[in-house]
Amino acid sequence: MRIGLTGGIAAGKSTVAARMKEDGAHVIDYDALAREVVKPHAPALERIAQEFGPDALNADGTLDRAWLARHVFATDADPHALERLNAIEHPYIYRAAEEQERQFLREYEQCANGRDKARQLVVVHDIPLLADVFNTIPFHFDHIVTVEADEATRVRRMMETRAMSEQQALDRIAHQASDQRRRAISDTLIDASQPMDAMLKQVDRIMAPWLGRQTD
Ligand SMILES: CC(C)(COP(=O)(O)OP(=O)(O)OC[C@H]1O[C@@H](n2cnc3c(N)ncnc32)[C@H](O)[C@@H]1O)[C@@H](O)C(=O)NCCC(=O)NCCS
Ligand SMILES: Nc1ncnc2c1ncn2[C@@H]1O[C@H](COP(=O)(O)OP(=O)(O)OP(=O)(O)O)[C@@H](O)[C@H]1O
């Protein structure tokens, strides 16, 4: 079974993904893949340097993430800059996700030949931008889970945990799909403004039937 997990920036998606993993799901982290595909000598990095110029790289040849973030997300950024960046990175990210999923399947099949036949394989694709790329992503999902928290909470979390200014937090939100668009593609909502314990229990309840387990 393939699950899409999404949520606006700083809603609590990674926290939910970590719990899904503890529950027994296999998680593909698209933010982590996005970092992999721009590592030194990776083809996406070379293409970014061609498209955005040498200022996109630090002196040591790594991606200058803060420079690029300003150039694609700031209020005065070229309105097509983010599109250009996504067009470079997303195909590499999808290919890497396909490969990781194939690997999970191979491991599952080896394991299913042994003692653990009753276990279901649940692969969670943790994709911040799922609502934005829903029509182009090369995967079909059996369920889509959205993690929600109100905008004020998310801005506060970004300022506290990502050292962003309020304007940077608002700019990032402005470049993502709305709550309504995320709801429109989802069949399951998780409220991440409820206390942490209650939220994690909600995750366990959602995952139990998908993993083929009894709920308590
Ligand atoms: C622009 C970059 C260099 C900024 O890096 P930075 O370290 O500031 O942010 P990081 O990558 O940790 O992402 C943090 C969050 O920003 C948001 N975000 C990232 N990329 C995008 C994007 N293309 N559009 C809208 N929001 C985005 C997501 O909510 C993500 O969880 C980086 O985000 C990037 O390369 N983005 C393009 C790839 C992408 O789409 N990544 C999202 C996973 S599909
Ligand atoms: N229910 C909750 N109650 C209190 N704090 C929470 C809750 N859920 C998440 N958080 C906190 O909110 C912050 C952001 O959560 P998390 O990193 O999971 O969000 P995210 O959506 O993955 O963010 P990003 O999009 O930046 O990767 C973290 O500090 C996390 O501990």
Side-chain angles (χ1 to χ4, degrees), residues 4-21 27-39 42 44-45 47-49 51-52 55-58 62-74 77 79-97 124-134 136-139 145-165 168-179 181-182 190-203:
L5 171 66
T6 193
I9 182 165
K13 201 172 38 59
S14 307
T15 309
V16 167
R19 181 62 161 219
M20 288 175 160
K21 191 170 175 185
V27 177
I28 302 178
D29 177 344
Y30 278 52
D31 274 341
L33 295 182
R35 284 172 187 268
E36 285 287 320
V37 304
V38 297
K39 276 191 167 163
L45 185 63
R47 291 190 49 201
I48 289 170
E51 182 75 31
F52 291 90
D55 287 347
L57 303 184
N58 294 308
T62 55
L63 181 65
D64 186 339
R65 307 183 70 81
W67 184 94
L68 192 54
R70 264 194 318 278
H71 278 75
V72 297
F73 295 126
H80 299 293
L82 184 60
E83 243 172 76
R84 282 154 50 213
L85 177 65
N86 288 343
I88 295 171
E89 283 196 39
H90 288 184
Y92 292 107
I93 295 172
Y94 298 151
R95 241 170 277 153
V124 175
H125 290 233
D126 172 358
I127 315 173
L129 306 183
L130 183 53
D132 307 73
V133 300
F134 188 66
T136 47
I137 193 165
F139 296 104
V145 179
T146 289
V147 183
E148 288 192 331
D150 58 79
E151 186 169 307
T153 305
R154 292 163 55 207
V155 169
R156 182 176 45 75
R157 287 178 180 171
M158 272 183 265
M159 293 170 72
E160 284 170 6
T161 64
R162 291 187 153 263
M164 283 184 173
S165 68
Q168 284 172 326
L170 291 169
D171 285 343
R172 196 79 59 120
I173 288 175
H175 285 88
Q176 299 189 339
S178 62
D179 287 344
R181 272 180 59 197
R182 277 188 290 271
I190 293 180
D191 173 11
S193 49
Q194 66 186 315
M196 183 71 86
D197 264 13
M199 181 178 89
L200 297 177
K201 283 197 182 108
Q202 188 187 354
V203 175

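The model shown is predicted, which means the values in this text are computed figures rather than measured ones. Atoms within a ligand are numbered from 1 in the order they appear, just like the ligands themselves.
- In this structure, the protein non-hydrogen atom closest to atom 8 (O) of ligand 1 is Arg172 NH2, 2.9 Å.
- When non-hydrogen atoms are compared, ligand 2 lies under 4.0 Å from the side chain of Arg157 (C-beta onward) but not from its backbone.
- Within the set Leu63, Asn86, Ile48, Asp29, the minimum heavy-atom distance to atom 23 (N) of ligand 1 is found for Asn86.
- Within the 4.0 Å heavy-atom criterion, the part of Arg162 lying near ligand 1 is the side chain and not the backbone.
- Looking only at protein heavy atoms, the nearest one to atom 26 (N) of ligand 1 is Gln176 NE2, 3.0 Å.
- For atom 28 (C) of ligand 2, no protein non-hydrogen atom is found at a distance below 4.0 Å.
- Residue Asp31 approaches ligand 1 through these ligand atoms, each under 4.0 Å from one of its heavy atoms: 30 (C), 31 (O), 42 (C), 43 (C).
- Regarding atom 7 (O) of ligand 1, its nearest protein heavy-atom neighbour is Arg65 NE, 2.9 Å.
- Taking atom 25 (O) of ligand 2 as the reference point, the nearest protein heavy-atom neighbour is Ala10 N, 3.1 Å.
- Neither the backbone nor the side chain of Ile127 comes within contact range of ligand 1; no heavy atom lies under 4.0 Å.
- Of the heavy atoms in Val133, none comes closer than 4.0 Å to ligand 1.
- Near Pro128, meaning under 4.0 Å from one of its heavy atoms, ligand 1 places the atoms 28 (C), 29 (O), 31 (O).
- Aromatic ring centres of His125 and Phe139 lie closer together than 6.0 Å.
- Residue Ala192 places at least one N or O, backbone or side chain, under 3.5 Å from an N or O of ligand 2.
- In terms of polar-atom proximity, defined here as any N/O pair under 3.5 Å, Arg35 does make such a contact with ligand 1.
- In terms of modelled atom types and a separation under 3.5 Å, the side chain of Asp126 and the main chain of Ile28 share no donor-acceptor contact.
- Proximity to Gln194 (heavy-atom distance under 4.0 Å) selects the following atoms of ligand 2: 1 (N), 2 (C), 3 (N).
- Atom 36 (N) of ligand 1 has Leu85 CD2, 4.0 Å as its closest protein atom, hydrogens excluded (heavy atom only).
- For ligand 2, one of its N or O atoms has an N or O atom of Thr15 under 3.5 Å away.
- Checking only distances, Glu89 does come within under 3.5 Å of ligand 1, N or O to N or O.
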